[in-house]
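None of these values were measured; they are calculated from a predicted model.
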Amino acid sequence: MQIAIIDYGAGNVKSIEFAFRRLGVETTLTHDRSEVQSADKVIFPGVGEASSAMSKLKQTGLDEIIPKLEQPVLGICLGMQLMCAYSEENNTKGLGIFDVDVVRFSEKVKVPQIGWNTIKNLKSRLFKDIKENEYMYLVHSYYVPLSSDTIASSNYELEYATAIKKDNFYGVQFHPEKSSIGGEQLLKNFIEL
Amino acid sequence: MLTKRIIPCLDIKDGRTVKGINFVNLRDAGDPVELARFYADNGADELVFLDISATEENRKTLIKLVHDVAEQVNIPFTVGGGISSISDVEALLKNGADKVSINTSAVKRPDLINELSLAFGNQCIVVAIDAKQVNEKWKVHLMGGKVLTEVDLFEWAKEVERRGAGEILFTSMDHDGTKGGFANEALEKLGRCVNIPIIASGGAGIVEHFTDTFKYGKADAALAASVFHFKEIDITSLKNELRQQGIEVRL
């Protein structure tokens, strides 16, 4: 099994690599377009700021490759947000795989949300053997609102999407690589898709 | 619902954990990797590693350690101690740290906070503040508490938020090591000054201290060292008690 982690200089990907290794699967960190296209599964990571992340994707031409991928793709955190149409974070146009706009939490709550929150209304095989209200680790200031593509939701200020799915594209707002046993199960499920 | 976090802190010197640590089931009690795993498997929500020796040689040791911990541990961890540049942070993140904590270097050159949060995102930058009361004013201290400054705790907290800190780790030097409870009054005031999460540190002795710091100090997380290292408080039992007191925790 070839799992490619898209390398566009966005934050810490080492922990994703290590999490797969703990499951006995080696990954390849790459920005090579053909290597990404030919992988069995693709991880689209991301920590940091949306507009600079998008411009890095454009520099390598990956912004055109990613929406056309046909194998299972898992966007994590900012990776999930960049798969959406638009982000309020520095008015960034996203990849447009999901027709939804990413918005900021209001000042009614502490921003960023940091810590363990529960996920519920779980749909899709991505959550096989993961129980309702499992805890996952989140760190984010912007969120994806609920839509018909939502496959898990959480509550912080309001109910919002912590996981989305469309065809072969999956996005999770939380960090499965840092979410203890529940996160490990999710990565295992992704491997088995 | 977002839960309150319990964070054990490991002091690292020459790649080993210091402060007496008393775990019977560990082969080598001083090995930070084993300790990190133990805590991760026993209810800790995050880990903080504080490098208390900051020479060039130790920096390499620390980076190797960060790598080894990241390889083994499935919860987030923060590394602090002697960080003063983008390249310091880059090296730690590349080896698997999730967040970094800066303290003295941020007071000396506040622009560092802006630079780091721009480069790595504010979620990655924890600003640690050590403070103690001098003539009834909370004053920031540097160099592990050795150097008094004229900087006011609350003003500094607002400034670090403005400059892009994602979290504040506040240690009350008046409470640290006393086992008499956290600085809840100051914590509560801090929470009204800023809108980013606050980690309470210094003073944990018994379970009630944690309950109080979440209830009255309004802290988002509580950090402690010796009560966990010496097994005076078991994290899972602590969390059970917190839940019984109506405080949301991950169990």
Open item on the list: How long is the straight-line distance from CH2 of A:W116 back to CD of B:E248, given to the nearest 0.5 Å?
Closed with: 15.5 Å
Open item on the list: For the CD1 atom of A:I181 and the CG atom of B:D41, what is their distance to the nearest 0.5 Å?
Closed with: 7.5 Å
TODO: Apply ring pair (Phe, Tyr, Trp, His ring centres under 6.0 Å) to B:F210 and list each qualifying residue two or more places apart in sequence or on a separate chain.
DONE: B:F182, B:F228
Open item on the list: Once rounded to the nearest 0.5 Å, what's the spacing between atom NE2 of A:H140 and atom CD of B:Q123?
Closed with: 11.0 Å
Task: Atom CZ of A:R33 with >12 non-hydrogen neighbours under 6.0 angstrom - done: no
Open item on the list: How close do A:V111 and B:I196 get, counting heavy atoms only, and between which atoms?
Closed with: O-CG2, 3.3 Å
Task: Evaluation steps, side-chain contact (heavy atoms from CB on, under 4.5 Å), between A:K178 and B:I75 - done: CA-CA 4 Å; A:K178 287 286 164 181; B:I75 60 170; 5.8 Å; no
TODO: Heavy atoms only, distances under 4.5 angstrom: which of A:S179, A:G183, A:S180 has the most pairs with chain B? Name it, please.
DONE: A:S180
Task: Smallest separation among heavy atoms of A:V109 and B:N195, with atom names - done: O-ND2, 2.8 Å
Task: Heavy-atom check, side chain of B:T3 versus side chain of A:Y135, under 4.5 Å - done: yes
TODO: Find the distance between CG (B:L93) and OG (A:S15) and round it off to the nearest 0.5 Å.
DONE: 9.5 Å
TODO: Give, for atom CG of B:D45 and atom CD1 of A:I114, the distance between the pair rounded to the nearest 0.5 Å.
DONE: 13.0 Å
TODO: Let me know if B:E90 has heavy atoms under 4.5 Å from chain A in its side chain, its backbone, both or neither.
DONE: neither
Open item on the list: At a heavy-atom distance under 4.5 Å, which candidate from B:S117, B:A97, B:G191 has the highest pair count against chain A?
Closed with: B:A97
Task: A:H31 atom NE2: more than 12 heavy-atom contacts under 6.0 Å - done: no
Open item on the list: Any non-hydrogen side-chain atom of B:I198 less than 4.5 Å from a side-chain atom of A:K110?
Closed with: yes
Open item on the list: What I'd like to find out is whether the side chain of A:E49 reaches to under 4.5 Å of the side chain of B:L118, using heavy atoms alone.
Closed with: no
TODO: Evaluate the side-chain proximity of A:F18 to B:Q72: yes if any heavy-atom separation is below 4.5 Å, no if none is.
DONE: no
Open item on the list: For chain B, which candidate among A:E17, A:E177, A:R22 shows the most heavy-atom pairs at distances under 4.5 Å?
Closed with: A:R22
Task: Contact leader toward chain B among A:A19, A:S52, A:G115, where contacts are heavy-atom pairs under 4.5 Å - done: A:G115
TODO: Tell me the residues of residues 146-166 of chain A whose non-hydrogen atoms fall below 4.5 Å from those of chain B, in number order.
DONE: A:N155, A:Y156
TODO: Quick one: do B:N74 and A:E184 satisfy side-chain contact (heavy atoms from CB on, under 4.5 Å)? Show the steps, please.
DONE: CA-CA 8 Å; B:N74 58 11; A:E184 275 165 15; 2.8 Å; yes
TODO: Just give me the residue among B:V73, B:N122, B:V194 that pairs up with chain A most often, heavy atom to heavy atom, under 4.5 Å.
DONE: B:V73
Open item on the list: Around atom CD of A:Q2, are there more than 12 heavy atoms from other residues, nucleotides or ligands closer than 6.0 Å?
Closed with: no
Open item on the list: Need one label for B:A119: side chain, backbone, both or neither, based on atoms under 4.5 Å from any heavy atom in chain A.
Closed with: neither
Task: Backbone of B:E71 reached by a side-chain donor or acceptor of A:R21 within 3.5 Å - done: no
Task: Proximal component of B:D220, with respect to chain A [non-hydrogen, under 4.5 Å] - done: side chain
Task: From A:Q113 atom CD to B:L2 atom CG, the distance as rounded to the nearest 0.5 Å - done: 5.0 Å
Task: B:R250, part contacting chain A, at a heavy-atom distance under 4.5 Å - done: both
TODO: Verify the neighbour count for atom CD of B:E185: are there more than 12 heavy atoms of other residues, nucleotides or ligands below 6.0 Å?
DONE: no
Task: B:K4 portion near chain A, given a 4.5 angstrom heavy-atom threshold - done: neither
